[in-house]
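Below: one structure, written as structure tokens.
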Amino acid sequence: MKREKAVMDNCIFCKIIEHKIPAQIVYEDEKAMAFRDLNPQAPLHVLVIPKKHIPTTLDIAKEDNELVGHLFQIANKIAEENGIAGRGFRLVMNTNPESGQSVYHIHLHVLGGRLMHWPPG
Ligand code: 5GP
Ligand code: ZN
């Protein structure tokens, strides 16, 4: 995959994709990767990301529709493999500052293994 160097150099998740910084990777294919969150908020907290650098959900183009669906398929597989699919889990994608987005490369949080509260904080 062709990657733009300036983007990679400034994005922590692009660096994880390039194996330039370590992560506990739980899934990887040609288009996506999943790894454990550095600061887990639940017994299972995995981030599923596209290898394509997309800064926020607002930047998801029509051509990315299949890719974004793929992220959800991976999230489901991770929940199933960890035995929490039937119990329940939460998928979250934050967008922009008020949501708490801190890394500007879209990522699907897979949170589970404990009772989730609603509304979220
Ligand atoms: P956001 O706040 O953008 O929705 O989520 C970013 C997430 O990335 C946070 O939960 C944070 O703990 C996680 N994170 C930030 N830097 C790293 C890192 O270098 N490695 C890993 N594994 N997770 C990270
Ligand atoms: Zn990136």
Side-chain angles (χ1 to χ4, degrees):
M1 177 190 263
K2 192 167 168 276
R3 306 187 65 78
E4 201 183 316
K5 193 176 179 306
V7 168
M8 254 181 62
D9 286 351
N10 290 308
C11 175
I12 192 130
F13 287 176
C14 282
K15 286 180 188 162
I16 289 175
I17 290 162
E18 297 292 327
H19 299 275
K20 294 218 161 111
I21 64 164
Q24 276 187 271
I25 296 166
V26 299
Y27 177 88
E28 182 170 10
D29 65 25
E30 204 180 282
K31 295 190 179 306
M33 184 183 261
F35 51 87
R36 293 193 185 279
D37 196 292
L38 202 57
N39 183 23
Q41 301 302 314
L44 178 76
H45 189 174
V46 167
L47 303 174
V48 186
I49 67 170
K51 288 193 172 176
K52 178 179 178 183
H53 180 85
I54 301 173
T56 80
T57 60
L58 296 167
D59 302 300
I60 296 169
K62 233 179 183 164
E63 66 184 32
D64 301 320
N65 284 355
E66 196 178 323
L67 177 60
V68 172
H70 184 50
L71 303 182
F72 280 83
Q73 299 288 348
I74 295 165
N76 287 342
K77 182 176 149 67
I78 289 166
E80 278 160 8
E81 283 174 359
N82 283 274
I84 59 161
R87 284 170 60 187
F89 56 101
R90 184 167 292 171
L91 302 179
V92 176
M93 216 180 252
N94 292 318
T95 302
N96 277 338
E98 281 200 6
S99 74
Q101 184 175 5
S102 59
V103 178
Y104 282 76
H105 178 135
I106 60 165
H107 45 282
L108 189 57
H109 293 262
V110 184
L111 295 147
R114 68 165 169 82
L115 185 65
M116 297 287 153
H117 302 286
W118 194 264

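Just so it is clear, the structure is predicted and the values come from calculations on it, not from any experiment. For ligands, and for the atoms within them, numbers begin at 1 and follow the listed sequence. FYI, side chains are in, hydrogens and waters are out, and symmetry mates aren't considered; it's all heavy atoms of this structure.
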- Item | Distance-only N or O hit between ligand 1 and V103, under 3.5 Å | yes

- Task: Taking all heavy atoms of K52 and all of D64, pick out the closest pair and write down the distance.
- Result: NZ-OD1, 2.6 Å

- Note on the structure: When distances are taken from atom 7 (C) of ligand 1, the protein heavy atom at minimum range is D37 OD2, 3.5 Å

- Query: Between H109 and H45, how do the two ring planes meet: parallel, tilted or perpendicular, split at 30° and 60°?
  - Reply: tilted

- Which heavy atom of A75 sits nearest a heavy atom of V110, and at what distance? CB-CG2, 3.7 Å

- Item | Polar contact flag for A23 and ligand 1 (N/O pairs, less than 3.5 Å) | no

- Task: Please work out which of H45, Q101, H109 has its closest non-hydrogen atom nearest to atom 4 (O) of ligand 1.
- Result: H109

- Between the side chains of D59 and T56, is a donor N or O closer than 3.5 angstrom to an acceptor N or O? yes

- Message: For atom 24 (C) of ligand 1, what is the closest protein heavy atom, and at what distance to 0.1 Å?
- Response: L38 CB, 3.7 Å

- Identity and separation of the nearest protein heavy atom to atom 6 (C) of ligand 1: H107 NE2, 3.4 Å

- Would you say ligand 1 has an N or O under 3.5 Å from any N or O of G100? yes

- Item | Atoms in ligand 1 flagged as close to I16, the criterion being non-hydrogen separation under 4.0 Å | 20 (N)

- Task: Please state which part of F13 comes within less than 4.0 Å of ligand 1, counting heavy atoms only: side chain, backbone, both or neither.
- Result: side chain

- Task: Of the side chain and backbone of S102, name the one, both, or neither that has a heavy atom under 4.0 Å from an atom of ligand 1.
- Result: both

- Have a look at ligand 1 and work out which part of V92, if any, has a heavy atom under 4.0 Å from it: side chain, backbone, both or neither. neither

